[in-house]
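Encoded as structure tokens, the structure appears first; notes follow it.
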Amino acid sequence: MTARTIDTGTDHLLARIEDRVATLTMNRPERRNAFSGEMLTGMARVLEEVETASDVGCVVLTGAGGAFSAGGDVKGMNERNAGNGEGPGIDARIHAQRLSQRATAGRIYTMPKPVIAAIPGAAAGAGFALAMACDLRVASASAVLLTSFARVGFSGDYGGTFFATQVVGSARARELYLLSERVSAEEALRVGLVNRVVPAAELEQATRELALRLAHGPAVAYRYMKENLNRAASGG
């Protein structure tokens, strides 16, 4: 069983390939794995690499320290906004974020390999969106999901409204975004936001077993299944 570590360029994202499974771990536990520029840049680069890597058949996205991801680092944003106005303007920042969205959540959704979100705890905001972009979601029994955006006065990003609509339908997605209520793992399973719920101590093993099954499955068939499913979702 071969294994290799991928250099992500930052400690904020860890990446490893073992037995045809690439595991990407968001690694800012002190901020519940909230996004950083380094994390997103590393994630975009690693996703591009594993999409075409011959030794990868499945990708797992998870978070360190008991959380999946809190999404955007609101504290960091406030600190930057409190600066003296130096750096790129708002239009440039928005464009950069759009590029980041396409290179991360967008690539997860379109890549011709199955992607699993292993959700150990909170998946909120853009972290929720990343989880929804994945093909399958395995959650710890202690996990919670919420969109968060209405609570901070944002409309949402990283494709979350689109992905959530594909996963649970328009009516439920509207409820999730407009009300921004916390959804327990049990409720998430009931409404279809996640595919499986397991005890926290079993999350890694349960995800690993599912990932190995997919990683050693019919790769060409999976590619066309995912392409066809995405076309159906977009009405193409």
Side-chain angles (χ1 to χ4, degrees), residues 1-8 13-26 42-63 68 101-120 123 128-140 143 145 158-160 162-169 185 188-199 202-236:
M1 183 169 55
T2 59
R4 66 182 176 96
T5 299
I6 302 176
D7 181 8
T8 68
L13 181 73
L14 309 178
R16 178 178 175 82
I17 298 172
E18 184 175 1
D19 203 8
R20 294 186 54 76
V21 176
T23 301
L24 282 62
T25 304
M26 294 174 281
M43 187 181 298
R45 184 166 59 246
V46 172
L47 288 171
E48 182 178 14
E49 177 178 338
V50 300
E51 179 172 342
T52 57
S54 60
D55 60 344
V56 174
C58 180
V59 178
V60 172
L61 180 64
T62 191
F68 183 74
Q101 291 173 166
R102 294 171 195 162
T104 53
R107 188 177 289 275
I108 287 170
Y109 183 72
T110 60
M111 104 163 31
K113 296 177 180 179
V115 184
I116 303 170
I119 308 173
F128 170 87
L130 274 190
M132 293 301 107
C134 296
D135 299 296
L136 298 172
R137 284 156 292 282
V138 182
S140 159
L145 293 84
Y158 283 82
F162 172 80
F163 300 132
T165 299
Q166 306 313 312
V167 173
V168 293
L189 180 64
R190 188 186 72 80
V191 301
L193 280 171
V194 301
N195 303 93
R196 299 181 182 181
V197 173
V198 299
E202 299 175 16
L203 178 63
E204 183 176 353
Q205 182 61 30
T207 304
R208 181 76 179 164
E209 290 174 0
L210 182 58
L212 286 171
R213 175 179 173 181
L214 293 169
H216 294 275
V220 175
Y222 288 155
R223 180 172 76 236
Y224 286 109
M225 284 177 190
K226 189 163 178 178
E227 181 178 317
N228 290 338
L229 288 164
N230 287 351
R231 284 181 176 175
S234 63

Residue pair [X] / [Y]: nearest heavy atoms and the distance that separates them:
X      : Y      : value
Thr8   : Ala15  : CG2-CB, 3.7 Å
Ala22  : Ile17  : CB-CG1, 3.9 Å
Ala133 : Ile108 : O-CG2, 3.5 Å
Leu203 : Ser140 : CD1-N, 4.0 Å
Leu61  : Phe68  : O-CE1, 3.4 Å
Ala143 : Ile119 : CB-O, 3.7 Å

Ion pair check, Glu227 and Arg231, cut-off under 4.0 Å: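 Here Glu227 pairs with Arg231 in a salt bridge, since their nearest N and O are under 4.0 Å apart.
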Check ion pair Arg4-Glu49 (N to O, under 4.0 angstrom):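 Counted as a salt bridge, because a side-chain N and a carboxylate O are separated by less than 4.0 Å.
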Close side-chain approach of [X] and [Y], heavy atoms under 4.5 Å:
X      : Y      : value
Arg137 : Leu193 : no
Leu13  : Met26  : yes
Leu130 : Phe163 : no
Asn195 : Leu210 : no
Glu18  : Thr23  : no
Asp19  : His216 : yes
Glu209 : Val138 : no

Rounded to the nearest 0.5 Å, how far does [atom2] of [Y] lie from [atom1] of [X]?
X      : Y      : atom1 : atom2 : result
Arg213 : Ile116 : CZ    : CD1   : 10.5 Å
Leu214 : Tyr222 : CG    : OH    : 5.0 Å
Thr110 : Arg102 : OG1   : CZ    : 12.0 Å

Plane angle bin for Tyr109 and Phe162 - parallel if under 30°, tilted between 30 and 60°, otherwise perpendicular: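 Phe162 and Tyr109: perpendicular rings.
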Looking at [X], I want to see if its [atom1] is surrounded by more than 12 non-hydrogen atoms of other residues, nucleotides or ligands under 6.0 Å.
X      : atom1 : result
Arg16  : CZ    : yes
Glu204 : CD    : no
Arg196 : CZ    : no

Audit row: Gln166, Leu229, side-chain contact (heavy atoms from CB on, under 4.5 Å) steps and yes/no: CA-CA 10 Å; Gln166 306 313 312; Leu229 288 164; over 6 Å; no
Passing candidate, side-chain contact (heavy atoms from CB on, under 4.5 Å) with Leu24, options Leu47, Leu14, Val60, Thr62: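 For Leu24, the side-chain contact (heavy atoms from CB on, under 4.5 Å) test succeeds with only one of Leu47, Leu14, Val60, Thr62, which is Leu47.
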